[in-house]
Amino acid sequence: MTEPFGSRLRRAMDERGPLCVGIDPHASLLADWGLNDDIAGLERFSRTVVEALADRVAVLKPQSAFFERFGSRGIAVLEKSVEEARAAGALVVMDAKRGDIGSTMAAYASAFLEKGSPLFSDALTVSPYLGYGSLKPAVDLARENGSGLFVLALTSNPEGGEVQHAVRPEDTALRNVGATMLAHLAEENAGETPMGSFGAVVGATLGDLSSYDLDINGPLLAPGIGAQGATPADLPGVFGAAVHRVVPNVSRGVLRHGPEIGSLRASSDLFAEQIRAAVASA
Ligand SMILES: O=C(O)c1cc(=O)[nH]c(=O)n1[C@@H]1O[C@H](COP(=O)(O)O)[C@@H](O)[C@H]1O
């Protein structure tokens with residue numbers, strides 16, 4: 001049986017530091033790198049990021065949208081990037097933010113979490129906004145295959161609050177929707193060591209989150225550092241004691257230093273060092 005994602009991730013975070021770098025081939029970045037906004041440019045961009053970083057960061061997170069933009073040939077590049085990144089030792093979190101009714105969710109889960117699928121990844125980002133229970137087929141398959149999920153709980157974007165801060169009158173604890181997702185994840189991960197495989201996405205941009213119980217015994221994927229304005233130094237203030245299970249994501253903040261491999265590595269190393277110092281100070 002495959003070692004569960006939570007324990008593979010814990011080990012990678014301990015060995016390499018917790019940084020997750022996104023592979024987000026924005027058209028503007030392709031242009032900045034002197035590449036065409038076409039399939040050859042996409043391929044060169046992704047291969048460069050993988051070559052630069054897959055042997056040193058804990059996690060690479062390809063953003064599927066930027067590959068889907070090129071249709072089937074873009075997906076082929078995505079498949080190759082996932083395979084090469086995993087072969088070079090990085091864990092791959094596929095950022096596809098899937099969410100649908102349970103029977104369709106089962107097909108999404110099979111696309112990304114079924115061994116042997118062309119897009120098989122270590123973990124997948126999913127949206128629980130058709131109801132947390134609609135994710136069950138993905139939870140079940142992840143458990144079976146030693147894969148992980150990152151469930152959108154409190155997203156980094158300013159628009160997220162109208163959904164995630166809404167309070168359900170029938171919830172006797174009067175938790176908001178985001179807190180309810182965190183509570184579901186804590187249940188999923190109960191009793192797992194060193195931590196469970198069911199993570200939450202919680203933006204690093206959100207300020208003090210001490211009113212939330214972030215102790216879900218699972219990883220907290222924290223996007224928002226760099227281009228969205230958060231910094232590694234913000235992490236202890238946002239996450240408190242849970243900072244030790246945070247996987248901070250930086251995409252454009254690192255990628256803008258390409259296309260030179262050495263500059264990408266230097267930027268990633270600098271973020272990694274700033275994150276290490278911030279976590280150690282917590
Ligand atoms: O799930 C995500 O990764 C995610 C969740 C969230 O709340 N906010 C967020 O920015 N993301 C993703 O994280 C990446 C952030 O990119 P940068 O802003 O360039 O660092 C993008 O790929 C987003 O799609």
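Just so you know, these numbers use all the heavy atoms, side chains as well, and skip hydrogens, waters and symmetry mates. Start at 1 and go down the list; that is how both ligands and their atoms are numbered.
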> Is the count of non-hydrogen atoms from other residues, nucleotides or ligands lying under 6.0 Å from Arg98 atom CZ greater than 12?
Replying inline: yes

> For atom 19 (O) of ligand 1, which protein heavy atom lies nearest, and how many Å away is it?
Replying inline: Arg252 NE, 2.6 Å

>> Can you name the atoms of ligand 1, numbered from 1 with element, that are less than 4.0 Å from a heavy atom of Asp24?
In response: 14 (C), 16 (O), 21 (C), 22 (O)

>> Counting only heavy atoms not in Glu3 (residues, nucleotides, ligands), do more than 12 fall under 6.0 Å from its CD?
In response: yes

> For ligand 1, does Gln63 get within less than 4.0 Å through its side chain, its backbone, both, or neither, judged by non-hydrogen atoms?
Replying inline: side chain

> Judged by atom type as modelled, is there a donor-acceptor pair below 3.5 Å linking the side chain of Thr205 to the main-chain atoms of Ala230?
Replying inline: no

> At the 4.0 Å heavy-atom cut-off, does Lys97 count as touching ligand 1?
Replying inline: yes

> Is there side-chain contact between Phe67 and Ser46, with at least one heavy-atom pair below 4.5 Å?
Replying inline: yes

>> Return the closest protein heavy atom for atom 15 (C) of ligand 1 as residue, atom name and distance.
In response: Gln228 NE2, 3.5 Å

> Heavy-atom distance to atom 20 (O) of ligand 1: which of Pro248, Ser156, Ser251 wins?
Replying inline: Ser251

>> Just to confirm my output: which protein heavy-atom neighbour is closest to atom 13 (O) of ligand 1, and how far is it?
In response: Lys61 NZ, 3.2 Å

> Which of the atoms in ligand 1, numbered in the order shown and given with their element, are less than 4.0 Å from a heavy-atom of Thr155?
Replying inline: 7 (O)

> Are any of the heavy atoms in Asn249 under 4.0 Å away from ligand 1?
Replying inline: yes

> Do Phe150 and Pro219 come within less than 4.5 Å of each other through their side chains, counting heavy atoms only?
Replying inline: yes

>> Given 3.5 Å as the limit, does a donor-acceptor pair link the side chain of Ser197 with the main chain of Gly148, or not?
In response: no

> Do Val163 and Met181 belong to the same hydrophobic cluster, where Ile, Leu, Val, Met, Phe, Trp and Tyr are linked whenever their side-chain heavy atoms lie under 4.5 Å apart, directly or via other members?
Replying inline: yes

